[in-house]
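Remarks on the structure that follows.
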Amino acid sequence: MDAFELFRKLGVGAKFDLKRFGQDAARFKVSFIVCSLLFDVFCLTEAGGELLKETQGTGITWTSSLDRKIQNLPSDGKEKSSMKRLKHLHQEKVNRIRAQNRINVHGCDIPDPVCTFEELQSEYRLNPRVLQNLRDAGLSSPTPIQMQAMPLMMHGRELLACAPTGSGKTLAFCLPLLAQLQQPANQGFRGVIISPTRELASQTYRELLRLSEGVGFRVHIIDKASLAAKKYGPRSNKKYDILVSTPNRLIFLLKQDPPAIDLSSVEWLIVDESDKLFEDGKTGFREQLATIFLACSGPKVRRAFFSATCTADVEQWCRLNLDNLVSVNIGHRYGSKTWVFHLFRNTAVDTVDQQLLFVGTENGKLVAMRDIIKKGFLPPMLVFVQTIERARELFHELVYEGINVDVIHADRTQQQRDNVVNSFRSGKIWVLICTALLARGIDFKGVNLVLNYDFPTSAVEYIHRIGRTGRAGHQGKAVTFFTENDKPLLRSIANVIKQAGCPVPDYMVGFKKIHSKVKRRLEKKPPKRSTICTTPRFLMKTKGKDQKKGNKRAP
DNA sequence: AAAAAAC
């Protein structure tokens with residue numbers, strides 16, 4: 001592709017809502033980010049023509065590193081100054097590509113973004129078979145996060161990457177992982193990917209299998225820790241390359257005596273949904289992650305963190321602990337106080353039509369739910385509730401409605417969980433009731449509606465839930481029920497919806513921020529959620545009492 | 001606050 005063609009393509013894709021941009025910039029403190037962006041917009045409109053002429057003459061393409069080209073030029077005085085000019089022009093182009101794709105980078109010596117997958121082969125020696133597998137999967141050009149994260153990983157840079165739900169993060173780390181490992185080797189695992197749920201691990205695993213088909217990489221997933229202990233133990237032949245796992249299964253292997261797995265050859269440790277895996281506290285993931293970090297003891301280990309939402313905590317940790325960190329943000333990042341909020345629209349969330357629906361009370365939810373079913377809806381639909389118990393209850397309420405409905409949560413057996421996911425993928429299940437288990441990372445093709453039956457407890461949770469629809473540029477819809485009880489949290493979610501460009505009643509965003517005192521009180525005394533049930537009260541009470549008595553009498 | 005994560 002020559003410079004002209006690319007310039008044209010980039011020009012067509014450019015859409016800056018200058019009016020909105022101006023308002024936002026005025027409303028919030030203008031930072032260097034705004035300045036650099038305005039500069040790029042200026043370059044795009046004013047300097048574009050001149051730039052085009054110059055690059056056409058030199059035959060420089062976007063796809064190769066300019067420095068190398070410059071080295072090949074003869075270096076008398078005249079050439080030298082034109083070299084400088086070229087270098088400058090090249091930097092402007094790179095800046096513009098980043099601005100147009102909303103790629104924000106932070107760090108030193110950052111490689112240029114790639115604009116095509118082919119560059120991974122020409123510049124970074126990606127196996128041509130992997131490229132073919134990509135084409136077979138119908139993937140033609142990299143998404144913004146892939147454009148920047150892939151060359152970074154190819155240069156062995158440790159990174160913290162934040163990009164919207166459904167914007168291709170999995171591919172953004174799988175491709176460079178395959179490219180960096182070059183070919184299968186018999187020295188034990190060289191790549192490890194950690195996921196917060198088994199469902200996500202298995203999805204990533206299958207994605208890796210598909211990408212590496214015909215290349216011979218041995219990709220593994222720990223599906224049963226006891227079996228895996230034999231497979232990867234000290235006596236094994238080490239014929240494996242990449243491992244995908246949830247934290248505890250891996251730790252189980254590490255804690256055997258002697259350890260049933262050796263991670264000392266790991267070159268890449270990738271933490272998917274990193275803010276989730278950084279969750280602290282007694283039962284949080286953080287300690288588990290720390291154990292895994294320590295086990296990857298090799299001198300060559302590099303680490304990469306990916307998520308749609310990034311907490312200040314993760315960012316801080318990365319700044320302190322990673323080597324020459326680069327952070328990449330696509331659009332703007334939620335959950336970090338250090339970032340300038342509200343400047344961009346989140347591209348993934350742009351593709352989701354988001355609605356808030358007042359249903360009055362707990363009972364109103366069931367009425368509204370039945371109404372949606374009665375009116376007819378376009379399956380598949382994903383329904384989020386807050387607890388396992390409520391997932392069960394809602395399932396029992398809907399199972400007689402004459403629709404194909406099922407339920408998934410961590411209390412179901414692995415077999416049941418796998419079956420449910422498979423049937424939902426194949427379309428056998430129309431309505432799937434779920435807990436936070438499915439909130440992150442899961443890529444169901446063509447979910448038409450995400451229904452938040454229970455109000456999400458945070459904006460972050462909301463973003464991940466509704467991110468199950470509207471993926472990879474497709475259109476999706478999300479409806480969120482709310483009752484009187486949910487009003488304290490309404491403001492933050494209404495703001496997310498408003499930023500995404502969906503209409504929200506003014507009074508909602510006008511709600512006062514809840515004071516930390518009030519918040520604490522709410523945390524101590526969470527509003528008691530009634531159960532989901534249509535059985536008349538008097539029947540319930542009798543049944544409940546009887547059960548309790550029975551329990552007490554039992555020895 | 002709940003959910004998730006080993007056998």
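Protein chains get the first letters and strands the later ones, always in sequence-line order, with residue 1 at the start of each. Model, not experiment: these values are computed from the prediction.
- Atom NE2 in A/His464 sits about 16 Å away from atom C1' in B/dA2, given to the nearest Å.
- Taking atom CG of residue A/Leu250 and atom C1' of nucleotide B/dA4, one finds them 16 Å apart after rounding to whole Å.
- Atom CD of A/Gln288 and atom P of B/dA5 are 10 Å apart (whole Å).
- Residue A/Arg198 places at least one side-chain N or O closer than 4.0 Å to OP1 or OP2 of B/dA5.
- Look at CG on A/Leu489: it is 13 Å from P on B/dA1, rounded to the nearest Å.
- Using a 3.5 Å distance cut-off with no hydrogens or angles, the side chains of A/Asp262 and A/Ser264 do pair a donor with an acceptor.
- With hydrogens and angles left out, the side-chain atoms of A/His220 and A/Tyr232 include a donor and acceptor closer than 3.5 Å.
- Taking only side-chain atoms of A/Thr246, from C-beta outward, the nucleotide of B/dA3, B/dA6, B/dA4 with the closest atom is B/dA6.
- Side-chain proximity of A/Thr457 to B/dA3, B/dA1, B/dC7: nearest is B/dA1.
- Within the 4.0 Å cut-off from OP1 or OP2 of B/dA4, not a single side-chain nitrogen or oxygen of A/Arg440 is found.
- When the P atom of B/dA4 is taken as reference, atom CD1 of A/Ile442 falls 12 Å away, rounded to whole Å.
- Atoms CZ (A/Arg249) and C1' (B/dC7) sit 10 Å apart, rounded to a whole Å.
- Proximity note for A/Leu437 (side chain, C-beta onward) versus B/dA6, B/dA4, B/dA1: the nearest is B/dA4.
- Checked against ring-ring contact (aromatic ring centres under 6.0 Å, His included), A/Phe424 has the following partners two or more places apart in sequence or in another chain: A/Phe444.
- An OP1 or OP2 oxygen of B/dA3 is reached within less than 4.0 angstrom by no side-chain nitrogen or oxygen of A/Thr283.
- A/Lys255 comes within contact range of no nucleotide atom at all, as no heavy-atom separation falls under 4.0 Å.
- Taking 3.5 Å as the limit, the base of B/dA4 and the side chain of A/Thr197 contain no donor-acceptor pair of atoms between them.
- Closest approach to the A/Arg417 side chain among B/dA5, B/dA2, B/dA6 is made by B/dA5 (side chain taken as heavy atoms from C-beta onward).
- Of the candidate nucleotides B/dA4, B/dA5, B/dA1, B/dA4 has the atom lying nearest to any side-chain atom of A/His409.
- Look at CD1 on A/Ile408: it is 15 Å from P on B/dA3, rounded to the nearest Å.
- Between the side chains of A/Asp275 and A/Thr309, at least one donor N or O lies within less than 3.5 Å of an accepting N or O.
- Closest to the side chain of A/Phe252, from the set B/dC7, B/dA4, B/dA1, is B/dC7.
- Among the atoms of the strands shown, only primed sugar atoms or phosphate atoms (P, OP1, OP2) are found under 4.0 Å from some heavy atom of A/Pro196.
- Side-chain contact annotation: A/Thr351 with A/His474, donor-acceptor N/O pair under 3.5 Å absent.
- In this structure, of B/dA4, B/dA2, B/dC7, it is B/dC7 that holds the atom nearest to the side chain of A/Ser226.
- Taking only side-chain atoms of A/Ala225, from C-beta outward, the nucleotide of B/dC7, B/dA3, B/dA5 with the closest atom is B/dC7.
- Across all strands, A/Leu253 comes closer than 4.0 Å to no nucleic acid atom at all (heavy-atom distances).
- For the pair A/Lys276 NZ and B/dA1 P, the interatomic distance rounds to 15 Å; values are reported in whole Å.
- Stacking of A/Lys487 on the aromatic ring of A/Phe455 is not recorded, the 6.0 Å distance cut-off and the 45° axial limit not both being met.
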